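The next block holds one structure in the form of structure tokens; read it before the comments.
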Protein chains: 2
Amino acid sequence: MTGLRERKKQRTRDALIRAAHELFVTQGYDATTVDQIAEAVDVSQRTFFRYFTNKEEVALSLHETINDRFYASLCARPVDEPPLQSLRRAVDEVWDESSRTITEILPVELHMQLCQVIETTPSLLSAHLHHYLLLEEKLVQEIARRTGLDDEQDPRPRVLVAAFAGVMRSAARHWGMRGDASLEEARRSTHAFLDELRPALASEWGRGTRVAERDE
Amino acid sequence: MTGLRERKKQRTRDALIRAAHELFVTQGYDATTVDQIAEAVDVSQRTFFRYFTNKEEVALSLHETINDRFYASLCARPVDEPPLQSLRRAVDEVWDESSRTITEILPVELHMQLCQVIETTPSLLSAHLHHYLLLEEKLVQEIARRTGLDDEQDPRPRVLVAAFAGVMRSAARHWGMRGDASLEEARRSTHAFLDELRPALASEWGRGTRVAERDE
DNA sequence: GAGACTAATGACAGTCGCTGACAATTGACA
DNA sequence: TGTCAATTGTCAGCGACTGTCATTAGTCTC
């Protein structure tokens, strides 16, 4: 089935990702050259660029697979579920399997540390935000499909996804900028932020309205 | 007061922005080299990089000044106003003066066209998103200040700004990807999207809940 | 108004990200 | 085993960006 050729490719790809992560975390992203990554895996620089279109992509590759899983989770939710609830449940599902997903390729701690590198490195953060935007557009399509709305006519799918994604990123950033980079803490942070989505939009922010209404 | 030296600097800066805009719009961003921009203004490449830290910045410079105005508008709103309303009103104020702001430097049409270039050029869009994120962080601080909340303890300022900014970007993108790039259309688009923020978060999306509740 | 001081610029060399082209290598498969 | 195609290495080159240093050109003083 999977030939030697393909396995070999997968191995060098994983090796490149791992080497890149280690170098990025220890030296910093900008201080690490593509040549260093390639050398660490003992391939030519040219080969690196055959696996990854640019330097950013190798740093964001794990996020990318997690994003894919998230999208798949959303698509698998029952269509009669309210949209925001589907998004939220999909988040839960992805968190549940994320540590397994990550560990297949590299130590979880390394990934956590890289998250902080991403948040603190401008060029990397920019690319990250762009990737996130592309995911958002897929989410809009899916929400529109599920609700049977035309996303060109009705702005609600876009608006919902934009608000949701904005809060998700905000939670990720809030967590990523801190020191305690545990998976569990990240999960809690996203939950806490999502719980505040509706309360935060209330016109008045009295202490009374502070009680979060969970979607569960 | 303003010496010759300073006026000259301002002129070359404006000239660089204008030349860059024209080249980006006619040839595309990637196809335009910094050398071409510098040559059009008859300065060396090195001086270009003394005015702008990188190629993206010259393309986003106008957005940057508009963002600054927006932040200033927000800060000037009465503190007893509900946060979301302050954000919304600040948007209105900026729209009112934006055409004037732009025309000081270059034709409005050029700026509109550049918006489309930004949305369709990956590297540029990435940088744009990053700039937007930096603005968001300033907004969070200001909202926290106005409401007297500690943004480290209470997530609502972050969440509100994230949702708001997400919708704003979504509206801008929705408009920027289309053909009719008029200022008036852009203004309408952002209004329409903001009006849908609360309705879109309703659990059920029946036609009945579709009626927008304006914040005015 | 001449000269000293300093900010702005130009010229040049070099690094790094990234790409195209072509040759060499190495699995796959008959 | 030999042929074919996929993968890789090498090399040459472009463009973004930076450090350095000499040169130019406002500015300020006497």
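Because the structure is predicted, anything quoted here is derived from the model rather than measured. By convention in this document, chain letters (A, B, ...) are assigned in the order of the sequence lines, proteins followed by strands, and residues within each chain are numbered from 1.
- Aromatic ring centres of A:His111 and A:His63 lie closer together than 6.0 Å.
- Between B:Arg50 and B:Gln45, the residue anchored closer to the 5' end of DNA chain C is B:Arg50, taking for each the nucleotide with the nearest heavy atom.
- Regarding B:Phe49, its CZ atom lies at a distance of 16 Å from the P atom of C:dA11, rounded to whole Å.
- Dashed line: the shortest gap from a side-chain N or O of A:Lys55 to OP1 or OP2 of C:dC18 is not under 4.0 Å.
- Taking atom CG of B:Asp30 as the reference point, atom P of D:dC14 lies 18 Å away to the nearest angstrom.
- Residue B:Arg46 places a side-chain atom within donor-acceptor reach of the base of D:dG19, judged by atom type and a 3.5 Å distance cut-off alone.
- Note on A:Phe52: nothing from the nucleic acid sits closer than 4.0 angstrom, heavy atoms only.
- Between A:Asn54 atom CG and D:dG15 atom C1' there is a gap of 15 Å when expressed in whole angstrom units.
- Environment of CG in B:Asp42: sparse, with no more than 12 heavy atoms of neighbouring residues, nucleotides or ligands closer than 6.0 Å.
- Atom CD of B:Gln36 is separated from atom P of D:dG15 by 8 Å (rounded to the nearest Å).
- Across all strands shown, A:Thr32 has heavy atoms under 4.0 Å from sugar-phosphate atoms exclusively, and none from any base.
- Of the candidate nucleotides D:dT8, C:dG10, D:dA6, D:dA6 has the atom lying nearest to any side-chain atom of A:Arg5.
- For D:dT10, the OP1/OP2 oxygens have no side-chain nitrogen or oxygen of A:Ser44 closer than 4.0 Å.
- Using a cut-off of 4.0 Å between Lys/Arg side-chain N and Asp/Glu carboxylate O, A:Asp14 and A:Lys9 are scored as not salt-bridged.
- Following rounding to the nearest Å, B:Glu57 (CD) and D:dC17 (P) show an atom-to-atom distance of 10 Å.
- At the phosphate of D:dT7, neither OP1 nor OP2 sits under 4.0 Å from any side-chain N or O atom of A:Lys8.
- When heavy atoms are screened at a 4.0 angstrom cut-off, B:Thr33 is found touching the sugar-phosphate backbone but no base atom.
- In this entry the distance linking NZ of B:Lys9 with P of D:dT24 reads 21 Å, nearest Å.
- Listed nucleotides: D:dA16, D:dT7, C:dG10. Nearest to the side chain of B:Val34: D:dA16.
- Salt bridge absent: B:Glu119 and B:Arg169 never bring a charged side-chain N and a carboxylate O closer than 4.0 Å.
- With distances taken from any side-chain atom of A:Tyr51 to the nucleotides D:dT8, D:dG9, D:dT7, the minimum falls on D:dT8.
- Closest non-hydrogen pair, A:Leu183 versus A:Ser98, comes out as CD2-OG, 4.2 Å.
- What separates CD of B:Glu56 from P of D:dA16 is a distance of 11 Å, to the nearest Å.
- Nucleotide C:dC16 holds its P atom 12 Å from the CD atom of A:Glu39, rounded to whole Å.
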